[in-house]
2 protein chains.
Amino acid sequence: MTPRPRHDAEQHADLVFKALSDPTRRALVEILSHQPDGMPAVRLAAQFPNMSRPAVAQHLRMLADAGFVTVSPRGRERIYRLSREGFESAYEVWFGRFEAFWKGKLQDLKRFVEDADNT
Amino acid sequence: MTPRPRHDAEQHADLVFKALSDPTRRALVEILSHQPDGMPAVRLAAQFPNMSRPAVAQHLRMLADAGFVTVSPRGRERIYRLSREGFESAYEVWFGRFEAFWKGKLQDLKRFVEDADNT
DNA sequence: ATGATATGTAAGAAGAAGCTTACGAATTGG
DNA sequence: CCAATTCGTAAGCTTCTTCTTACATATCAT
């Protein structure tokens with residue numbers, strides 16, 4: 001997958017798993033997963049009526065730092081889109097670190113993937 | 001995978017991702033992944049010379065709550081073993097939540113799994 | 001029995017994370 | 001040009017995490 005300097009690995013894993021540790025950020029990822037063309041920050045913030053816009057902006061920044069989203073300016077808006085980079089990093093860490101444990105689990109996962117694929 | 005009451009789902013996802021958000025806990029999982037027969041708490045704690053034993057005990061509790069490890073008493077020791085339950089929950093949440101996004105990513109994942117499988 | 005070993009939990013201190021208000025920069029529309 | 005919109009960040013407060021020390025329980029060895 002993405003080649004990455006060895007000594008940055010743990011630091012990057014920290015960003016990735018920290019990003020997923022917050023329910024608001026997971027909700028943001030879920031929202032974006034249904035919006036292939038992305039959403040402007042203001043519309044994402046509107047999904048959280050009990051939270052200020054800057055709070056959402058800070059969450060978005062962490063998701064961007066972890067590689068879960070990308071940002072592209074469009075006029076005065078900034079469009080957030082889900083990126084595969086963060087997900088691939090998570091997989092990389094997951095499979096890389098626990099490979100010994102997973103020898104045997106991979107078969108199950110392959111079956112699961114194939115099932116989900118045939119729908 | 002594991003059927004789970006709907007209203008507990010987010011709460012459980014919280015436990016799972018919180019458990020993985022700490023570097024010490026990830027290190028514990030990695031250590032246990034190389035020890036199929038498990039390890040007593042004291043030996044796990046010894047892997048972290050800069051940290052007190054109770055601190056490690058608290059981390060182990062969180063891993064247990066999230067379903068990443070199981071505990072079984074053996075004499076005066078308590079043996080910690082990696083469990084697949086937490087991992088399966090993480091997969092469940094992962095694939096379930098972001099299914100729309102992953103439609104298309106699943107092909108890549110399947111290839112990746114097959115590659116890892118042929119080694 | 002008694003001392004040593006293995007363990008978990010409680011209480012409190014130190015640090016990190018998350019939220020709000022306030023602000024400044026960039027872009028659009030009239 | 002000027003007001004309105006979109007956005008990110010800084011400062012400060014509050015809450016959650018994580019660590020340590022202290023303590024209580026259970027098991028083993030002699």
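Given the structure is predicted, the values throughout are model-derived calculations rather than measurements.
An OP1 or OP2 oxygen of C/dT9 is reached within less than 4.0 angstrom by a side-chain nitrogen or oxygen of B/Arg61. Of the side-chain N and O atoms in A/His59, one or more sit less than 4.0 angstrom from OP1 or OP2 of C/dC19.
Here salt bridge (Lys or Arg N to Asp or Glu O under 4.0 Å) pairs that include residues 33-53 of chain A, with residues two or more places apart or in two chains, number zero. A salt bridge (Lys or Arg N to Asp or Glu O under 4.0 Å) check over residues 58-69 of chain B, counting only residues at least two apart or in different chains, returns the pairs B/Arg61-B/Asp65.
Taking atom CE of A/Met62 as the reference point, atom P of D/dT9 lies 11 Å away to the nearest angstrom. If you take CG of B/Leu28 and P of D/dT18, they are 12 Å apart, rounded to a whole angstrom. Atom CG of A/Leu15 and atom C1' of C/dA17 are 14 Å apart (whole Å). Rounded to an integer number of Å, the gap from B/Lys18 NZ to C/dG18 C1' is 11 Å. Atom-to-atom, CZ of A/Arg26 to P of C/dG18 comes out at 11 Å; the value is rounded to the nearest Å. Between the CG atom of B/Asp65 and the P atom of D/dT17 there is a distance of 13 Å, given to the nearest Å. Remark: P of C/dA17 and CG of B/Asp14 are 16 Å apart, rounded to the nearest angstrom. What separates CG of B/Leu63 from C1' of D/dT18 is a distance of 14 Å, to the nearest Å.
Side-chain atoms of A/Thr70 and A/Ser83, non-hydrogen and from C-beta on, do get closer than 4.5 Å to each other. Taking the side chain as every heavy atom from C-beta outward, A/Arg26 and A/Glu30 never approach each other to under 4.5 Å. Within the 4.5 Å cutoff, side-chain heavy atoms of A/Phe68 are placed close to those of A/Val16.
For B/Arg81, the side-chain hydrogen bond (donor to acceptor under 3.5 Å, both in side chains) partners two or more places apart in sequence, or in a different chain, are B/Ser72. Taking the side-chain hydrogen bond (donor to acceptor under 3.5 Å, both in side chains) definition, one finds that A/Arg25 meets it with A/His59, sequence neighbours left out. In this structure, the side chain to side chain contact (heavy atoms under 4.5 Å, CB included) partners of B/Glu77, at least two apart in sequence or on a different chain, are B/Pro40, B/Arg74, B/Ile79. Shown here are the side chain to side chain contact (heavy atoms under 4.5 Å, CB included) partners of B/Ala46, two or more places apart in sequence or in another chain: there are none. Take A/Gln47 and apply the side chain to side chain contact (heavy atoms under 4.5 Å, CB included) test, not counting sequence neighbours, and it matches A/Ile31, A/Met39.
Residue A/Tyr80 is in sugar-phosphate contact alone, with no base atom involved, counting any heavy-atom pair closer than 4.0 Å across all strands shown.
End-to-end axis angle of the helix from C/dA1-D/dT30 to C/dG30-D/dC1, using five pairs per end and rounding to 10°, comes to 20°.
Cluster annotation: B/Leu32 is not connected to B/Val42 through the hydrophobic network of ILVMFWY side chains, with a link wherever side-chain heavy atoms come within less than 4.5 Å.
Near-neighbour residues of DNA chain D inside residues 36-46 of chain B, defined by a heavy atom below 4.0 Å, are absent.
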* Mark up nucleotides 21-30 of chain D, 5' to 3', with B wherever a protein heavy atom is under 4.0 angstrom from a base atom, S wherever such an atom reaches only the sugar-phosphate, and - elsewhere. => BB----BB--

